[in-house]
K.L.:
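Just passing along the structure, written as structure tokens.
The figures here come from the full heavy-atom set of this structure, side chains too, leaving out hydrogens, waters and symmetry mates. Below, read A as the first sequence line, B as the second, and so on, with proteins coming before strands; counting in each chain starts at 1.
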Protein chains: 2
Amino acid sequence: MTNVLKGRFRVARKPADQSVNRDDIILAAAEVLRRNGYEAATMKDIAAAVNLTAASLYHHFRNKDTLLLAVLEAGLEAIISLMQPITGSRCSSADKLRRMIRAHIVAVTDNTAVGAAMVFEIRALMNVKAPAKTASADDRQAYAEFRARRDAFFARRDQFESLFRQVVREGIESGEFRPVDDGIYTRTLLGAQNWVGVWYRPDGHLSGEAIAGRMAEILLEGIVKS
Amino acid sequence: MTNVLKGRFRVARKPADQSVNRDDIILAAAEVLRRNGYEAATMKDIAAAVNLTAASLYHHFRNKDTLLLAVLEAGLEAIISLMQPITGSRCSSADKLRRMIRAHIVAVTDNTAVGAAMVFEIRALMNVKAPAKTASADDRQAYAEFRARRDAFFARRDQFESLFRQVVREGIESGEFRPVDDGIYTRTLLGAQNWVGVWYRPDGHLSGEAIAGRMAEILLEGIVKS
DNA sequence: TCATTAATCAAATGGTGATTAGATTATAGA
DNA sequence: TCTATAATCTAATCACCATTTGATTAATGA
């Protein structure tokens with residue numbers, strides 16, 4: 001019920017005459033990104049979503065690239081924080097995996113904007129280009145910092161994926177799971193789960209919870225010994 | 001072994017002093033799209049990939065949107081044509097489904113560019129905006145045609161997805177498959193299969209065939225009665 | 001109340017990129 | 001060889017957009 005992706009931010013719309021903060025912008029940006037994609041989304045679009053002008057965004061983020069990175073970082077950390085209590089728990093691999101799958105899917109359906117960004121905007125993040133050699137020292141410094149943060153983001157994303165892989169391996173080693181290719185199985189999971197963000201509609205006939213339950217069951221059948 | 005997506009086009013690079021054709025451009029455009037995404041890909045980039053200037057592309061395609069549509073249409077038709085012999089065959093639902101899954105995955109790994117476009121550029125296709133009211137009658141006519149073709153594309157894509165869904169339903173009705181939610185199961189398949197285009201690397205340690213085989217096995221376990 | 005800093009805005013700036021206009025060259029038939 | 005058409009090019013055009021500059025306003029601590 002509680003939306004974890006959103007949960008990290010102030011949920012209530014603040015009075016129009018108050019200033020917005022970083023997190024408001026991140027959330028609004030995710031929404032604009034989902035609709036238009038990073039390249040097509042303009043700073044003006046994003047600003048308008050929080051009743052600001054484009055120029056004002058630069059008070060909160062150095063540039064468009066950094067804003068994108070902030071959106072992705074927030075989304076990733078939110079999801080990882082959901083996984084940790086599960087991977088740390090003391091239950092069967094099948095139970096762990098089931099709970100992880102469900103948590104991921106529910107997170108995606110609860111905040112489709114951030115979920116979609118994590119799928120569709122990674123490429124834009126990778127393609128951010130270095131400033132021209134003629135750029136100011138300031139800009140080059142900023143780019144160096146950006147790159148460091150981006151690298152950290154990718155490392156973190158790999159960690160996230162290996163949380164799933166770890167559980168799969170454990171289950172195979174303990175004999176609880178069939179001896180499938182753990183890399184392939186993990187990517188099967190992630191693909192199916194990420195894809196939910198593409199087709200899920202909040203007004204559809206199945207809730208995020210319902211989808212999560214059914215999909216987890218199907219995916220588990222693919223690996224649990226019967 | 002034969003690459004079906006590419007198979008529709010002339011494979012061999014033509015001598016540099018010959019003129020390019022529509023299909024050469026479509027294939028090159030898919031590659032540029034995979035790297036940069038539609039919005040970031042410039043007509044100049046695409047033209048350069050076939051040794052032309054941007055202006056020359058307009059001899060072959062009315063505009064950038066139409067080129068995008070052409071890429072997606074070609075990819076979709078290629079994949080659908082792979083499915084038809086399978087769905088029409090007389091074998092068990094499990095065999096049909098296995099062959100369809102494998103065919104789809106191999107098609108994606110054989111031409112990752114087109115496969116990725118089918119996943120990542122649909123949004124760009126949806127977001128193509130109408131010409132201004134001040135636009136020429138010619139432009140408005142062109143837009144009307146574009147919309148019709150685009151609608152047809154989406155209908156065709158839905159047909160493609162229902163090929164899978166149909167087989168799943170058949171198998172459930174015949175009792176060959178467990179009675180899972182066919183909508184969820186189908187989307188689980190498609191998500192996992194599409195996702196292969198995101199992580200597959202031709203120089204990785206598993207061939208497209210190998211991936212297809214393993215993933216099909218895992219996905220079938222999720223539904224076949226044991 | 002005053003000074004400082006945080007947030008915001010309006011109005012440039014500088015580039016880029018899709019598209020068009022107006023040639024030019026190549027080729028295929030007559 | 002001559003002509004029409006296809007394919008290509010160079011050089012505009014015209015918008016749009018990220019980012020900067022230089023104010024202006026609001027809130028906070030002294």
K.L.:
What is the distance, rounded to the nearest whole Å, between atom CG of B/Asp138 and atom P of C/dT20?
P.N.:
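After rounding, the gap between these two atoms is 9 Å.
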K.L.:
List the steps, then state whether side-chain contact (heavy atoms from CB on, under 4.5 Å) holds for A/Phe120 with A/Leu33.
P.N.:
CA-CA 9 Å; A/Phe120 289 105; A/Leu33 251 34; over 6 Å; no
K.L.:
Could you tell me the separation between the CG atom of B/Asp24 and the P atom of D/dT8, rounded to a whole number of Å?
P.N.:
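Atom-to-atom, B/Asp24 to D/dT8, this comes out as 10 Å.
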K.L.:
Report, one pair per line, the protein and nucleotides 3-7 of chain D atoms (nitrogen or oxygen only) whose separation is under 3.5 Å.
P.N.:
from  : atom 1 : to      : atom 2 : distance (Å)
D/dA7 : OP2    : B/His59 : NE2    : 2.9

K.L.:
Whole Å only: how far is the CD atom of A/Glu39 from the C1' atom of C/dA18?
P.N.:
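After rounding, the reported distance stands at 15 Å.
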K.L.:
Taking the side chain of A/Thr42 as heavy atoms from C-beta outward, which of C/dC9, D/dA18, D/dT8 is closest to it?
P.N.:
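Side chain of A/Thr42 sits closest to D/dA18.
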K.L.:
Measure the distance from CZ on B/Phe61 to C1' on C/dA18 and round it to the nearest whole Å.
P.N.:
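It is 16 Å, rounded to the nearest whole Å.
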K.L.:
Taking atom types as modelled and ignoring hydrogens, do the side chains of A/Asp65 and A/Tyr38 form a donor-acceptor contact shorter than 3.5 angstrom?
P.N.:
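Checked: A/Asp65/A/Tyr38 side chains pair up, N/O donor to acceptor below 3.5 Å.
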K.L.:
Within the 4.0 Å heavy-atom criterion, would you say B/Ala41 contacts the bases, only the backbone, or no part of the nucleic acid?
P.N.:
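Counting heavy atoms under 4.0 Å across all strands, the contact made by B/Ala41 is with sugar-phosphate only.
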K.L.:
Extract from the structure each pairing of a protein N or O with an N or O of nucleotides 19-23 of chain D at less than 3.5 Å, listing the distance.
P.N.:
from   : atom 1 : to      : atom 2 : distance (Å)
D/dT19 : OP2    : A/Tyr58 : OH     : 2.8
D/dT19 : OP2    : A/Lys64 : N      : 2.8
D/dT19 : O5'    : A/Tyr58 : OH     : 3.4

K.L.:
With a 4.0 Å cutoff (strictly under), does any side-chain N or O of A/Thr53 reach OP1 or OP2 of C/dC9?
P.N.:
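Yes.
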K.L.:
Do the side chains of A/Glu121 and B/Arg123 get close enough for a salt bridge, i.e. N-O under 4.0 angstrom?
P.N.:
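B/Arg123 and A/Glu121: salt-bridged.
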K.L.:
Distance check, rounded to the nearest 0.5 Å: B/Met43 atom CE versus B/Leu57 atom CG?
P.N.:
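The distance works out to 4.5 Å.
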K.L.:
Whole angstrom is fine here: how far is it from CG in A/Leu57 over to P in C/dC9?
P.N.:
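Distance, rounded to whole Å: 9 Å.
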K.L.:
Got a second to check how far B/Gln166's CD is from B/Met83's CE, nearest 0.5 Å?
P.N.:
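Going from CD on B/Gln166 over to CE on B/Met83, the span is 14.5 Å.
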K.L.:
How close or far is atom P of C/dA7 from atom CG of A/Asn51, stated in whole angstroms?
P.N.:
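Whole-Å distance recorded here is 17 Å.
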K.L.:
Under 30°, 30 to 60°, or over 60°: which ring-plane class applies to B/His104 and B/Phe160, parallel, tilted or perpendicular?
P.N.:
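Perpendicular.
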K.L.:
Can you measure A/Lys44 atom NZ to C/dC9 atom P for me and round it to whole angstrom units?
P.N.:
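Rounding to the nearest Å, NZ of A/Lys44 and P of C/dC9 are 13 Å apart.
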K.L.:
Decide, yes or no, whether a salt bridge links B/Glu77 with B/Arg156 under the criterion of side-chain N to carboxylate O below 4.0 Å.
P.N.:
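Yes, charged N to carboxylate O under 4.0 Å.
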K.L.:
Going by atom type alone, with no hydrogens or angles, which donor-acceptor pairs under 3.5 Å involve a side-chain atom of residues 130-148 of chain B and a protein atom two or more places apart or on another chain?
P.N.:
from     : atom 1 : to       : atom 2 : distance (Å)
B/Ser136 : OG     : B/Asp139 : N      : 3.0
B/Gln141 : NE2    : B/Glu145 : OE2    : 2.8

K.L.:
Looking at CD of A/Gln193 and OG1 of A/Thr188, how far apart are the two atoms once the value is rounded to the nearest 0.5 Å?
P.N.:
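A/Gln193 CD to A/Thr188 OG1: 10.5 Å, rounded to 0.5 Å.
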